[in-house]
J.: 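Okay, handing you the structure first.
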Amino acid sequence: MPAATALLRESPAARTGLSIAVATGAYGVSFGALGTASGLGVLEVCALSLLTFSGGSQFAFIGVIAGGGSAASAAGASTLLGLRNGVYAMQINALLRPRGWRRLAAAHVTIDESTATALAQEDRAEQARGFWVAGLGIFLLWNLTTLVGALAGDAMGDPQRWGLDGAAVAAFLGLLWPRLRGREPWAIAAVCAAVTVLCIPLVPPGVPILVAAAVAATIGWLQLRRERTAPTGVGA
């Protein structure tokens with residue numbers, strides 16, 4: 001156990017995962033406060049964080065409820081946003097190949113931040129450390145701060161004024177920044193950003209990021225197809 005602890009302390013991926021966990025986990029306070037403000041009980045809000053554990057999906061759910069929508073429509077919006085986690089899960093399964101109970105645990109903590117932390121590493125062992133530290137760290141902190149926010153409720157004021165959403169986004173961008181090497185990744189990022197901005201006033205909340213993901217996936221598929229069909233050599 002001491003050797004494992006020392007290894008985690010010396011791991012760059014573990015340190016990155018921990019910093020992401022702190023920045024993202026703190027945002028759970030906002031969800032807890034907004035959840036009770038939308039009319040849900042403390043136990044209901046905490047159950048959403050424990051069982052759903054996908055920030056975007058959770059905010060979509062309470063957004064629909066707060067707007068007077070039915071539970072069915074709220075669940076539909078939440079599920080739509082959660083589809084991206086299925087794509088992440090395929091990547092993580094191929095990358096880490098978890099077995100037994102770890103496979104179930106990995107599925108539950110496969111989110112934007114844990115996936116990005118793993119993919120940002122080059123070494124296979126570091127990928128696993130980054131994934132688990134980020135995923136489990138965010139899960140623990142997110143649920144703890146959700147409870148705090150739900151119990152505090154109106155005493156906190158407007159949680160959006162705290163800027164916790166900005167802190168989480170800044171940490172996520174800091175994690176992805178080193179991956180943007182060369183002109184091609186920058187061009188894809190710029191196209192996806194433009195698509196997201198254009199879609200915001202036209203479609204429901206949460207859908208723009210799915211459209212941007214579809215655009216990125218299409219570009220990647222076209223590039224892969226072009227590479228496979230390109231000539232591999234010069235004939236004699």
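Throughout, residue positions are numbered sequentially from 1 according to the sequence presented.
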J.: Take atom CG of L51 as the centre, draw a 6.0 Å sphere, and report whether it contains more than 12 heavy atoms from other residues, nucleotides or ligands.
T.: yes
J.: Stepwise, does the side chain to side chain contact (heavy atoms under 4.5 Å, CB included) test hold for Q58 with V45?
T.: CA-CA 9 Å; Q58 293 176 225; V45 172; over 6 Å; no
J.: Where the side chain of Q121 meets the backbone of A118, is there a donor-acceptor pair that is under 3.5 Å apart?
T.: no
J.: Please lay out, stage by stage, how C46 and V42 fare under the test side chain to side chain contact (heavy atoms under 4.5 Å, CB included).
T.: CA-CA 6 Å; C46 291; V42 173; 4.2 Å; yes
J.: Given the rule that I, L, V, M, F, W and Y join up when any side-chain heavy atoms are under 4.5 Å apart, are L95 and V109 in one cluster?
T.: yes
J.: Indicate if L140 and L147 have the same hydrophobic cluster label, given that clusters are the connected sets of ILVMFWY residues with side-chain heavy-atom separations under 4.5 angstrom.
T.: no
J.: Hey, does the side chain of N143 reach the backbone of F139 with a donor-acceptor pair shorter than 3.5 angstrom?
T.: yes
J.: Report yes or no: do L144 and V133 belong to one cluster of Ile/Leu/Val/Met/Phe/Trp/Tyr joined by side chain heavy-atom distances under 4.5 Å?
T.: no
J.: Closer than 3.5 angstrom, by distance alone: can the side chain of T145 be matched with the main-chain N or O of W142 as a donor-acceptor pair?
T.: yes
J.: Parallel, tilted or perpendicular for F53 and H108, by the 30°/60° rule?
T.: tilted
J.: Please report the closest heavy-atom contact between A13 and T117, naming both atoms and the distance.
T.: O-CG2, 4.1 Å
J.: Determine whether T110 and N85 satisfy the following criterion, side chain to side chain donor-acceptor pair (under 3.5 Å), listing intermediate values before the conclusion.
T.: CA-CA 7 Å; T110 297; N85 290 345; over 6 Å; no
J.: Kindly give the heavy-atom pair with the smallest separation between P98 and A106, and that separation in Å.
T.: CG-CB, 4.1 Å
J.: Short question: side chain of S38, backbone of G35 - any donor-acceptor pair under 3.5 Å?
T.: yes
J.: Does L40 reach the side chain of I62, with side-chain heavy atoms less than 4.5 Å apart?
T.: yes
J.: Shared ILVMFWY cluster between I92 and L136, side chains joined below 4.5 angstrom?
T.: yes
J.: Have Q91 and T115 got a donor and an acceptor in their side chains that come within less than 3.5 Å?
T.: no
J.: Side-chain contact test, heavy atoms from C-beta onward, threshold under 4.5 Å: evaluate it for F61 versus L48 and give yes or no.
T.: yes
J.: Linking I/L/V/M/F/W/Y whenever any side-chain heavy atoms sit under 4.5 Å apart, do Y88 and F131 land together?
T.: no
J.: With rounding to the nearest 0.5 angstrom, report the CZ to CZ distance, R124 to R97.
T.: 7.5 Å
J.: Can you check whether F59 and Y27 have ring centres sitting under 6.0 Å from each other?
T.: yes
J.: Which atoms form the tightest heavy-atom contact between A33 and T36, and what is the distance?
T.: O-OG1, 3.0 Å
J.: Return the minimal non-hydrogen interatomic distance between Q127 and E122, and the atom names on each side.
T.: NE2-O, 3.9 Å
J.: At what distance, to the nearest 0.5 angstrom, does CD1 of I20 lie from CD1 of I138?
T.: 7.0 Å
J.: Hey, are the side chains of S57 and T79 touching, using non-hydrogen atoms and a 4.5 Å cut-off?
T.: no
J.: Looking only at heavy atoms, which two atoms of A21 and G137 are closest? And how far apart?
T.: CB-C, 3.7 Å
